[in-house]
Amino acid sequence: MNVAVGDTIPEWVMESVCPERMRTMAAILRDPNPIHWDRAAVGALPLGLGRRTINQGPLGLSYMVNMLHAWTGPGSIRRIVMRFPQVVLDGERVVARGEVTAVRDEQQKRLVDCIIRLEHAERGVLLEGNATVAVQAS
Amino acid sequence: MHPIPPEEDITALAGHRFPGGEYTVAHWENVLLTGCTGAELLPGGMVHPVALFHLPIAGAGTSIAEMFALGQAESDLSIMIESYDWELFDELYEAVSYHISGEIVSAQRCSQENGALYDRLVFQFEVFSPQQALVARTTITWHYTRNTL
């Protein structure tokens, strides 16, 4: 796989963040936080978010995983560091994007460092961070 | 107004170790988890990395609710995520019993620019294969906000 600094990672799109998936996720995670399954609880917060549930942080992170898997294949991710400057809300269309910042060879593996982010068309960057993936040197 | 816990109660959490234990991702669990991410199931029984949130927590013998309680969270709504750091040294697979250890590696009282206090807790978990190889390390950094809601 040919990868160079400045390359753009093909974007991955979640067309509509689904509240039912948040509910399933909450059950699996045993996450008691009502912001993930109770629109009224979110509506009562002084955050101006309206009556929309808030996506779990790991689910937003998983969209970055899906983007990286689609690009370099399952099992390629070595590290993801994710920060959460804004919440992701149910019904939103969000796009995972990234760019290559470094390519290095380490212990007979080619490692690719990237900046990654999750974007919303109006609200801008919702999640941001860095990832490292391993690729086959071409 | 909620009472703010004494700072020494918070800083004393550094070094707290969870009991540790085992966790096995079942096929049904991987199917549901992967579906929640919007992806197709990964090949060969590979577990979607999104499991690196709950697998270490549950496997270490704790829970999100206990982690909230340890930091004396005012409510479930008062927790803010600073970051998640997931290091993967190998793939995770269904039906493998992983051993997990976990601890609080840092606990500090902090203040925002506007003077509002919050407590910053850093949890770290390590996931080992049945052969005792380190498979993954995850670091969760949460802010326990005080009187902001």
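Worth knowing before you read on, the calculation uses all heavy atoms, side chains too, and leaves out hydrogens, waters and symmetry mates. In the text below, chain A, chain B and the rest are named by the order of the sequence lines, each starting its count at 1. Because the structure is a prediction, the values reported are computed rather than measured.
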Report yes if the side chains of [X] and [Y] come closer than 4.5 Å at any heavy-atom pair, otherwise no.
X: B/Val50; Y: A/Leu61; result: no
X: A/Pro58; Y: B/Tyr84; result: yes
X: A/His69; Y: B/Leu42; result: yes
X: B/Ile64; Y: A/Arg30; result: no
X: B/His48; Y: A/Ser62; result: yes

Exercise. Nearest 0.5 Å please: distance from the OG1 atom of B/Thr37 over to the CH2 atom of A/Trp12.
Key: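 Rounded to the nearest 0.5 Å, the OG1-CH2 separation comes out at 6.0 Å.
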
In terms of hydrophobic clustering (I, L, V, M, F, W, Y; side-chain heavy atoms under 4.5 Å; direct or indirect links), are [X] and [Y] co-clustered?
X: A/Trp37; Y: B/Leu32; result: no
X: A/Leu127; Y: A/Val95; result: no
X: B/Val127; Y: B/Val25; result: yes
X: B/Tyr93; Y: B/Leu55; result: yes
X: A/Met64; Y: A/Leu111; result: no

[X] atom [atom1], neighbour heavy-atom count above 12 within 6.0 Å:
X: B/Glu40; atom1: CD; answer: no
X: B/Arg137; atom1: CZ; answer: yes
X: B/Met46; atom1: CE; answer: yes

Practice problem: Below 4.5 Å from any heavy atom of chain A, which atoms of B/Glu82 appear? Answer side chain, backbone, both or neither. | Solution: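 For B/Glu82, the backbone is the part near chain A, not the side chain.
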
Practice problem: Below 4.5 Å from any heavy atom of chain A, which atoms of B/Phe53 appear? Answer side chain, backbone, both or neither. | Solution: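 Side chain of B/Phe53 only, per the 4.5 Å heavy-atom cut-off to chain A.
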
Heavy-atom pair of closest approach, residues [X] and [Y]:
X: B/Gly38; Y: A/Arg21; answer: CA-NH1, 3.9 Å
X: A/Pro32; Y: B/Asp76; answer: O-OD2, 3.3 Å
X: A/Gly57; Y: B/Ile81; answer: CA-CD1, 3.9 Å
X: B/Cys36; Y: A/Leu59; answer: O-CD2, 3.5 Å

Quiz item: What do the steps show when you test A/Arg79 against B/Leu88 for side-chain contact (heavy atoms from CB on, under 4.5 Å), and what is the final call?
Solution: CA-CA 6 Å; A/Arg79 188 170 193 174; B/Leu88 297 88; 5.8 Å; no

Let me know if [X] has heavy atoms under 4.5 Å from chain B in its side chain, its backbone, both or neither.
X: A/Met14; value: side chain
X: A/Tyr63; value: side chain
X: A/Ile77; value: both

Quiz item: Going through the distances and angles, do A/Ile28 and B/Leu33 end up as a side-chain contact (heavy atoms from CB on, under 4.5 Å)?
Solution: CA-CA 8 Å; A/Ile28 295 172; B/Leu33 271 176; 4.0 Å; yes

Quiz item: Among A/Val17, A/Ile80, A/Val81, which residue forms the greatest number of heavy-atom pairs with chain B at distances under 4.5 Å?
Solution: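 Highest number of pairs under 4.5 Å: A/Ile80.
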
Quiz item: Run the side-chain contact (heavy atoms from CB on, under 4.5 Å) check on A/Asn33 and B/Leu77 step by step: do they pass?
Solution: CA-CA 7 Å; A/Asn33 199 331; B/Leu77 307 171; 3.4 Å; yes

Quiz prompt | Max heavy-atom pair count under 4.5 Å with chain A, selected residue of B/Pro43, B/Gly44, B/Pro49 | solution =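 The candidate making the most pairs under 4.5 Å is B/Pro49.
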
